[in-house]
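Just follow the structure's listing: the first ligand is 1, and inside any ligand the first atom is 1.
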Amino acid sequence: MTRHQGRHFLHIPGPSPVPERVLRAMDMPVIDHRSAEFAELGKTVLQGAKAIFKTANPVIIYPSSGTGAWEAAIVNTLSPGDKVLMVETGHFATLWQQMAARWGIEVDFIPGDWRRGVDPAVIEEKLTADTAHQLKAVMVVHNETSTGATSRIGEVRAAMDRVGHPALLMVDTISGLASADFRFDEWKVDVAVSCSQKGFMLPPGLGFNAISDKARAVAKTNKMPRSFWDWEDMLKLNANGFFPYTPATNLLYGLREAIAMLLEEGLDDVFARHQRLAAATRAAVDHWGLEVLCQEPKDFSPVLTAVLMPPGHDADQFRQIVLDNFNMSLGSGLSKVAGKVFRIGHLGECNELTLMAALSGVEMGLRVAGVPHRAGGVDAAMTLLEQPLPGNAPRHLAVVK
Ligand SMILES: *Cc1c(COP(=O)(O)O)cnc(C)c1O
């Protein structure tokens, strides 16, 4: 086995690297989750999470992965036989569609080519045709982690408003939240689904649902059987900082610290940093002469970049070479694009120099693997990152402010 000094470079688009500050914050004794001390922690994170979703509405925190939070969104608001609209943006949209189908939901799944985000015009067309208002929900993925395409949720909402359709807007922002601009209240999202191990920079284990008044009202009359995921059970105890069953206490310590870090930097600066690192990554990829999977510049993801391998070269073989030689994990291609793409995560605990190291690993890997490319992508990324932050002090000064 290859031995390595120094730290492992985890550049998959989730789990993302956990900052030391967060790791230290979790290094705490487990406390009684029915104690007054716990209630303070509970109230702090339940309140703090609202700021990250940009909502005044409740945010529910489950001890679960993102998939669990998907299920919570479905079982609280929908029932077997209900019709919903979804868009095939990639692997995660497809999994959400499959889950809904297992719950007996009838999904109108708009086909996609996995190379762009949701087209709001198609949503508008579908809703306009649904004059009987049979569609109960529009369910879309904000940042499609399998392809590196981000959907414009504000424009989807605008399309729904133009039609005046009453469907709920449900958004998987599992890899979008805290990395890509997301505005729950302003975009009138009804249910937002997220989890801990992407933009929140935490280990896996927390799932989130932000819920609108409208979604909560629908849930109250929804007959779908549910227990563990029931919103009302949660909200009743959350009001005093408690949970109906044992929460993931130490992850909540970490969440408190992660929220503090995100708000210290400022969400707008967090989003700008992700955009900048994504632009530098694409500059390198373009220079190498490789192709970014996402074909729609408006939808380029600030979270990750999926790169197509030249024909005849296997992406997984390449990723193995990078791991063996340079101790870096890159994301694999999922289902339809398995072996065809590799994904560079540039989310969360990531800055100019960690990105440059990651891109160096990719360029060295291309050379070692004998993948045809034009040398100097790293330099192209550096040239972009040397430019000052727009209208801002140098980065280290901006952080101190
Ligand atoms: C990671 C991810 C999921 C799945 O989350 P798990 O925590 O693995 O259950 C779903 N959707 C998107 C967009 C994701 O990035």
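- Between Leu235 and Arg216 the shortest side-chain heavy-atom distance falls below 4.5 Å.
- Ring orientation note: the planes of Phe53 and Phe208 are tilted relative to one another, at an angle of 30° to 60°.
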Could you go through ligand 1 and list every pair where one of its N or O atoms sits under 3.5 Å from a protein N or O, giving the atom names and the distance to one decimal?
{"unit_1": "ligand 1", "atom_1": "7 (O)", "unit_2": "Gly66", "atom_2": "N", "d": "2.8"}
{"unit_1": "ligand 1", "atom_1": "7 (O)", "unit_2": "Gln197", "atom_2": "NE2", "d": "2.8"}
{"unit_1": "ligand 1", "atom_1": "9 (O)", "unit_2": "Ser65", "atom_2": "OG", "d": "2.8"}
{"unit_1": "ligand 1", "atom_1": "9 (O)", "unit_2": "Gly66", "atom_2": "N", "d": "3.2"}
{"unit_1": "ligand 1", "atom_1": "9 (O)", "unit_2": "Thr67", "atom_2": "N", "d": "2.7"}
{"unit_1": "ligand 1", "atom_1": "9 (O)", "unit_2": "Thr67", "atom_2": "OG1", "d": "2.5"}
{"unit_1": "ligand 1", "atom_1": "11 (N)", "unit_2": "Asp172", "atom_2": "OD2", "d": "2.7"}
{"unit_1": "ligand 1", "atom_1": "15 (O)", "unit_2": "Thr145", "atom_2": "OG1", "d": "2.4"}
{"unit_1": "ligand 1", "atom_1": "15 (O)", "unit_2": "Lys198", "atom_2": "NZ", "d": "2.7"}

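- For the pair Lys54 and Phe271, the cation-pi test (distance below 6.0 Å, angle within 45°) is failed.
- The aromatic rings of Phe182 and His142 lie tilted to each other, with the angle between the two planes from 30° to 60°.
- A donor-acceptor pair is defined here as one N or O able to donate and one able to accept, closer than 3.5 Å; such a pair exists between the side chain of Thr77 and the backbone of Ala73.
- Aromatic ring centres of His133 and His165 lie closer together than 6.0 Å.
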